[in-house]
Amino acid sequence: MATVDLPLDEEAQEHNSSFPLFSERFMKVAIPVGTAVALIAIWQLGVRIFEVPTYIAPAPSDVAAEFYGEFPLLMRNFWPTLYESITGFVVGNLAAILIAIAFVHSKGVEKAFFPIAVFINTIPILAIAPILVLIFGAGMTAKVVIAALICFFPTLVNMVRGLQAVTPQTLELARILSASKSEIFWKMRLPSSLPFLFSALKIAATTCVIGAIVGEWIGADLGLGALIIDSTFNFRAPLLYATVFLSSGLSVFLFTTVSVIEKLVVRW
Amino acid sequence: MAALQTPAAESDFAAASLQGASVRFGELTALSNITLDIPVGEFWTILGPSGCGKSTMLRLVSDLIPAAAGSAVIFGKSTEEARLAREIAFVFQDATLLPWRTALSNVELPLEIGRKRGVTIPAGDRTPMELLEMVGLKGRENALPHELSGGMRQRVAIARALVCQPKLLLMDEPFGALDEMKRDLLNMQLLEIWRETGTTILFVTHSISEAVFLGQKVLMLQAHPGRIKQIVDIDLPSPREIKIRETPRFNKYCSELRALLEEC
């Protein structure tokens with residue numbers, strides 16, 4: 001009962017205090033948004049006052065104009081990156097989950113393959129990307145593989161931990177109920193790994209975009225990574241900035257999607 | 001012991017019969033040479049200093065750990081056979097609910113385990129819903145464990161333990177983490193459940209007054225190595241009320257046990 005009463009009391013207090021609930025919520029949004037707007041304004045003023053050339057640092061208004069004017073070009077490069085990121089996300093995480101399951105079920109498999117997984121993870125993604133482009137060619141496959149690779153390791157480690165997170169007492173309960181290995185897996189290990197899995201997926205949601213973009217740097221005709229290289233070498237700073245903002249927008253979108261799914265799935 | 005020598009109908013067996021049973025963890029002897037018979041339908045409480053093997057004894061009886069020597073026989077069967085037949089249920093110190101399952105589906109868990117493998121699961125007279133009602137959780141069946149208080153969670157665990165209508169209910173300090181008031185309430189409910197179901201109960205506790213209040217017999221263990229100190233008959237009228245704890249007889253038992261405990 002106490003657990004039910006407590007939040008109600010807090011809410012009541014908020015209503016009684018001089019801060020009504022609405023303005024509290026409003027301030028929560030207004031403070032970060034206001035700060036961001038202020039920073040953009042300072043940037044705009046700074047660039048104008050010190051007369052910084054556009055090709056070195058464009059003003060926000062230049063970037064916005066470019067975003068509007070070059071919207072079709074940005075979108076044409078957006079879709080391949082989105083596709084590579086999501087495909088890489090799915091492939092990399094699926095592989096990590098399956099391998100984690102194998103690790104948990106067989107100590108031998110873990111001993112054999114975990115050091116290799118660590119080794120692959122220690123190779124900088126920038127160093128391995130050219131190798132993968134050589135192997136898979138300049139098409140989308142290489143980018144998908146790079147995005148998958150960057151997602152793989154955090155999910156593997158978290159998933160192994162999650163599958164082992166069942167308490168000893170829960171395993172005793174399973175034994176008293178004479179549960180089979182597969183029942184323990186589906187009814188206990190897998191659900192209890194979900195919070196761990198989702199922390200890894202949230203990391204992967206942002207890193208898969210990085211993987212796809214790094215892959216596109218090495219060699220691609222289309223994609224946000226290719227557009228970044230292209231606009232840099234052509235001194236189109238406003239386009240470069242617009243592309244960077246779009247890339248980060250893509251990461252935020254994927255992160256938010258995973259967070260929303262987490263809220264729906266992990267209710268405990 | 002007589003029942004073992006002349007095996008007849010199942011009712012002739014003790015609920016749990018230990019013959020010189022010992023449990024070892026490596027070099028450490030957790031339980032040494034335990035011999036006792038717990039008759040069907042009795043309520044025994046186990047008391048003793050920490051490290052005397054109270055929990056180990058429950059784990060031996062429930063086939064969670066094997067006997068290093070001697071034997072443990074449950075209703076005339078091996079502990080493994082009794083476990084496979086779902087005759088034993090265990091209530092742990094913390095509720096050990098699956099946090100992603102609602103109260104109701106936690107109670108249903110034992111009925112799901114083994115269903116797809118074609119295991120015959122003895123379903124009790126009461127449905128999971130009725131069991132939740134019996135432990136006083138009507139209306140909270142769809143709550144997740146984190147939305148329930150500690151006492152409510154433990155009551156869900158008791159309902160889960162009862163769902164296969166066990167013949168032997170093992171409880172390892174189930175109310176240890178609760179405050180005095182909730183503990184009293186749950187003690188009363190447990191006695192009621194015991195009377196209604198007729199199941200044999202082995203109940204480990206740290207509290208002398210809880211041991212006297214619940215038990216028909218108090219099994220006092222002593223440590224290093226874990227062995228039987230004494231089995232004390234508690235001759236108090238039944239059904240027991242909370243008020244009984246103010247009677248001189250109740251207090252006499254308590255001080256007797258306290259003296260025994262100090263000797264351990």
Side-chain angles (χ1 to χ4, degrees), chain A residues 1-11 97 101 104-105 158-159 161-202 258-268, chain B residues 55 58-59 61-65 79-102 105-106 108-117 119 121 140 143-153 157 160-161 163-164 166 168-170 172 179 182:
Chain A
M1 286 298 155
T3 50
V4 181
D5 288 337
L6 206 63
L8 283 175
D9 282 345
E10 273 173 16
E11 216 167 319
I97 291 168
I101 292 170
V104 169
H105 277 91
N158 269 288
M159 193 65 189
R161 269 196 64 195
L163 289 171
Q164 288 169 342
V166 180
T167 62
Q169 219 153 75
T170 306
L171 292 176
E172 283 190 333
L173 173 73
R175 172 152 170 101
I176 294 206
L177 296 171
S178 310
S180 68
K181 256 197 150 186
S182 83
E183 281 166 339
I184 294 175
F185 178 78
W186 290 107
K187 291 189 186 297
M188 291 160 187
R189 285 192 189 278
L190 197 64
S192 71
S193 75
L194 288 178
F196 293 83
L197 176 62
F198 271 102
S199 340
L201 291 184
K202 282 197 276 195
V258 173
S259 301
V260 168
I261 295 172
E262 182 186 24
K263 279 236 166 71
L264 294 174
V265 174
V266 184
R267 285 168 56 231
W268 61 93
Chain B
S55 299
L58 294 192
R59 282 172 169 74
V61 168
S62 57
D63 194 34
L64 287 175
I65 46 181
T79 51
E80 190 188 3
E81 285 167 334
R83 168 172 67 81
L84 287 170
R86 303 281 174 93
E87 291 184 351
I88 306 169
F90 207 119
V91 177
F92 298 94
Q93 195 163 359
D94 72 68
T96 319
L97 302 179
L98 301 181
W100 52 88
R101 284 177 166 245
T102 62
S105 78
N106 262 295
E108 286 166 342
L109 178 75
L111 302 177
E112 288 170 23
I113 299 284
R115 193 162 58 192
K116 283 197 185 135
R117 286 177 286 140
V119 175
I121 304 158
R140 298 309 302 268
L144 288 169
H146 75 91
E147 296 164 326
L148 299 172
S149 69
M152 289 176 177
R153 284 200 288 270
R160 179 181 62 192
V163 78
C164 288
L168 178 60
L169 180 57
L170 307 170
D172 189 4
D179 63 58
K182 281 204 189 95

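In what follows, every chain begins at residue 1, and chains take the letters A, B, ... in the order their sequences are listed.
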Between [atom1] on residue [X] and [atom2] on residue [Y], distance to nearest 0.5 Å:
{"X": "Leu163(A)", "Y": "Leu194(A)", "atom1": "CG", "atom2": "CG", "answer": "9.5 Å"}
{"X": "Gln169(A)", "Y": "Phe90(B)", "atom1": "CD", "atom2": "CZ", "answer": "8.0 Å"}
{"X": "Arg140(B)", "Y": "Thr102(B)", "atom1": "CZ", "atom2": "OG1", "answer": "12.0 Å"}

Just wondering, more than 12 heavy atoms not from Arg161(A) lying within 6.0 Å of its CZ?
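For Arg161(A), atom CZ is not crowded (no more than 12 foreign heavy atoms under 6.0 Å).
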Bottom line for Glu183(A): the part with an atom under 4.5 Å from chain B's heavy atoms is side chain
At a 4.5 Å cut-off on heavy atoms, which part of Ser192(A) comes close to chain B: side chain, backbone, both, or neither?
both
Which region of [X], side chain (C-beta onward) or backbone (N, CA, C, O), has a non-hydrogen atom less than 4.5 Å from a non-hydrogen atom of chain A, or is it both or neither?
{"X": "Leu64(B)", "answer": "both"}
{"X": "Glu112(B)", "answer": "both"}
{"X": "Leu98(B)", "answer": "side chain"}

Let's test your reading of the structure: which of Ile121(B), Asp94(B), Ile88(B) forms the most heavy-atom pairs below 4.5 Å with chain A?
Asp94(B)
Only pairs of heavy atoms separated by less than 4.5 Å count here; which of Thr167(A), Thr170(A), Val166(A), Leu173(A) has the most with chain B?
Leu173(A)
For the student: nearest non-hydrogen atoms of [X] and [Y], plus distance:
{"X": "Ile113(B)", "Y": "Arg117(B)", "value": "CG2-NH2, 4.1 Å"}
{"X": "Ser178(A)", "Y": "Arg83(B)", "value": "OG-NH1, 3.1 Å"}
{"X": "Ala157(B)", "Y": "Val91(B)", "value": "O-CG2, 4.2 Å"}
{"X": "Cys164(B)", "Y": "Pro110(B)", "value": "SG-CB, 3.9 Å"}

Are Arg160(B) and Leu97(B) close enough, and set up right, to give a side-chain contact (heavy atoms from CB on, under 4.5 Å), and what steps lead you there?
CA-CA 9 Å; Arg160(B) 179 181 62 192; Leu97(B) 302 179; 3.9 Å; yes
Are there residues of residues 260-268 of chain A that reach to under 4.5 Å of chain B by heavy atoms, and which ones?
Arg267(A), Trp268(A)
If you check every heavy atom in residues 184-191 of chain A against those of chain B, which residues fall under 4.5 Å?
Lys187(A), Met188(A), Pro191(A)
For the backbone of Glu172(A) and the side chain of Arg59(B), can you confirm whether one donor and one acceptor N or O come within less than 3.5 Å of each other?
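Side chain of Arg59(B) to backbone of Glu172(A): no pair is present.
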When Met159(A) is tested against each of Ile97(A), Leu201(A), Val104(A) for side chain to side chain contact (heavy atoms under 4.5 Å, CB included), which residue passes?
Ile97(A)
Test salt bridge (charged side-chain N to carboxylate O under 4.0 Å, His left out) applied to Arg86(B) - qualifying residues, sequence neighbours left out
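By the salt bridge (charged side-chain N to carboxylate O under 4.0 Å, His left out) rule, Arg86(B) matches no residue at all.
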Side chain to side chain contact (heavy atoms under 4.5 Å, CB included) with Glu81(B): which residues, sequence neighbours excluded?
Lys77(B), Ser78(B)
